[in-house]
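To keep things clear, I will list the structure first and then write my remarks on it.
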Amino acid sequence: MKKYFTNSTITGATKNEVESVLLNIGQIMAWNPAISSVTQIDTNTFSVHRNQAALVNDEIISVIKENGKIILHSHGGKLEYKLIFELSVKTQQTVITETLFVVDDGHLPLVLLRPIAKNAFNHNLQALSKLCDKFVSQL
């Protein structure tokens, strides 16, 4: 497993609120607009489809909570990866750090795609932060 990149952001939501959003994969379409459908396969496993052009259009995502981290493990697509979210508290805010680890690159030219992928994942991370902030403002 090889570390591919890391992104971070801050939200006003609590660590538990952010964790709740991440564990509810049904909400992924609210912070990842490329995803067009999510179908539950079993308790923690989901089939994800994108209508937009993407490196991975169809994949299976397993959601795992382990050692204080939330792991989205993607398999069954062109690229097997783990997107690991770590949450920490800093001055009444939650720092969300995502790190992408590539498990199997499927012989794709990942070195060339890294800046594009990092930017796309960061865009989704910022949308996740805004979604979490929206929950805070509704309280």
Side-chain angles (χ1 to χ4, degrees):
M1 192 162 71
K2 185 176 178 183
K3 183 178 174 181
Y4 196 51
F5 60 75
T6 299
N7 291 315
S8 293
T9 192
I10 296 175
T11 178
T14 68
K15 187 175 175 180
N16 287 341
E17 290 166 335
V18 175
E19 191 174 277
S20 176
V21 171
L22 287 169
L23 290 171
N24 181 355
I25 202 72
Q27 292 184 347
I28 197 170
M29 291 184 291
W31 55 273
N32 186 334
I35 294 176
S36 55
S37 68
V38 176
T39 306
Q40 189 166 0
I41 296 172
D42 64 35
T43 305
N44 297 316
T45 307
F46 303 83
S47 173
V48 174
H49 175 74
R50 291 170 183 81
N51 281 337
Q52 298 179 9
L55 187 58
V56 180
N57 285 332
D58 294 293
E59 62 189 318
I60 305 298
I61 294 181
S62 300
V63 182
I64 304 155
K65 182 178 176 184
E66 183 177 277
N67 298 324
K69 300 174 185 176
I70 308 297
I71 303 166
L72 304 184
H73 179 195
S74 171
H75 47 95
K78 292 180 189 174
L79 178 72
E80 182 179 357
Y81 65 87
K82 290 184 180 182
L83 184 60
I84 300 177
F85 290 92
E86 296 181 74
L87 308 175
S88 58
V89 177
K90 184 177 181 178
T91 61
Q92 298 182 336
Q93 294 180 312
T94 302
V95 178
I96 308 169
T97 302
E98 67 175 7
T99 304
L100 184 73
F101 289 91
V102 175
V103 178
D104 180 1
D105 66 11
H107 304 289
L108 296 169
L110 296 182
V111 173
L112 299 173
L113 298 172
R114 180 175 292 159
I116 297 165
K118 181 176 172 58
N119 186 51
F121 275 79
N122 189 53
H123 180 79
N124 293 339
L125 182 63
Q126 299 309 315
L128 171 65
S129 177
K130 287 178 185 174
L131 177 66
C132 292
D133 284 340
K134 186 186 287 187
F135 286 133
V136 172
S137 67
Q138 291 175 354
L139 298 177

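- Rounding to the nearest 0.5 Å places CD of Glu80 at 7.5 Å from OG of Ser74.
- Taking the side-chain hydrogen bond (donor to acceptor under 3.5 Å, both in side chains) definition, one finds that Asn122 meets it with Gln126, sequence neighbours left out.
- Of the possible polar contacts, one joining the Lys118 side chain to the Thr6 backbone as a donor-acceptor pair under 3.5 Å is found.
- Looking at heavy atoms from C-beta onward, Leu100 lies out of side-chain contact with Glu98 at the 4.5 angstrom threshold.
- Taking each heavy atom of Leu87 and Glu19 in turn, the nearest pair found is CD1-N, 3.8 Å.
- Each ring-ring contact (aromatic ring centres under 6.0 Å, His included) pair with one or both residues in residues 10-51, not counting sequence neighbours, would appear here, but there are none.
- In this structure, Pro33 and Gln52 approach most closely via the heavy-atom pair O-NE2, 3.8 Å.
- With values rounded to the nearest 0.5 angstrom, Ser62 atom OG is found 10.0 Å from Ile25 atom CD1.
- Between Ser8 and Thr97 the shortest heavy-atom distance is OG-OG1, 3.1 Å.
- Without hydrogens or angle criteria, Asp133 side chain to Gly12 main chain gives a donor-acceptor distance under 3.5 Å.
- Neither Ile84 nor Ile28 shares a network with the other; the hydrophobic side chains, linked directly or stepwise wherever heavy atoms of I, L, V, M, F, W or Y lie under 4.5 Å apart, form separate groups for each.
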Return a table of donor-acceptor pairs under 3.5 angstrom between the side chains of residues 103-112 and protein atoms on other chains or two or more places apart.
unit_1: Asp104; atom_1: OD1; unit_2: Gly106; atom_2: N; d: 3.1
unit_1: Asp105; atom_1: OD1; unit_2: His107; atom_2: N; d: 2.8

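- Criterion: ILVMFWY side-chain heavy atoms under 4.5 Å apart, direct or through other members. Under it, Leu22 and Ile71 are not part of a common hydrophobic cluster.
- Remark: the backbone N or O of Phe121 is not paired with any side-chain donor or acceptor of Asn124 at under 3.5 angstrom.
- Under the ring pair (Phe, Tyr, Trp, His ring centres under 6.0 Å) criterion, Phe101 pairs with no residue, sequence neighbours left out.
- Side-chain contact between Val18 and Ser129: absent, with no pair of heavy atoms (C-beta onward) separated by less than 4.5 Å.
- Distance NE2/His123 to CG/Asn32: 9.0 Å, rounded to 0.5 Å.
- In terms of heavy-atom proximity, Leu128 sits nearest to Val21 at CD1-CG1, 3.6 Å.
- Linking ILVMFWY side-chain heavy atoms closer than 4.5 Å, directly or via other members, places Ile41 and Val63 in two distinct hydrophobic clusters.
- Taken from CG in Asp58 to OG in Ser37, the straight-line distance is 8.0 Å, to the nearest 0.5 Å.
- Atom CG of Asn67 has 12 or fewer neighbouring heavy atoms from other residues, nucleotides or ligands inside a 6.0 Å radius.
- When all heavy atoms of Val56 and Gly77 are compared, the closest pair comes out as CG1-CA, 4.2 Å.
- For residues 75-99, the set of pairs meeting the ring-ring contact (aromatic ring centres under 6.0 Å, His included) definition, not counting sequence neighbours, comprises His73-His75.
- Atoms CG and OH, from Leu83 and Tyr4 in turn, are 13.0 Å apart once rounded to the nearest 0.5 Å.
- Closest heavy-atom contact between Leu131 and Ala30: CD2-CB, 3.9 Å.
- Taking Ile, Leu, Val, Met, Phe, Trp and Tyr as hydrophobic and joining them when side-chain heavy atoms fall under 4.5 Å apart, one finds Ile10 in a cluster with Val95.
- Looking only at side-chain heavy atoms (C-beta outward), Asn44 and Ile64 stay at 4.5 Å or farther from each other.
- Here the CD1 atom belonging to Ile96 is positioned 12.5 Å from the CD atom belonging to Glu86, to the nearest 0.5 angstrom.
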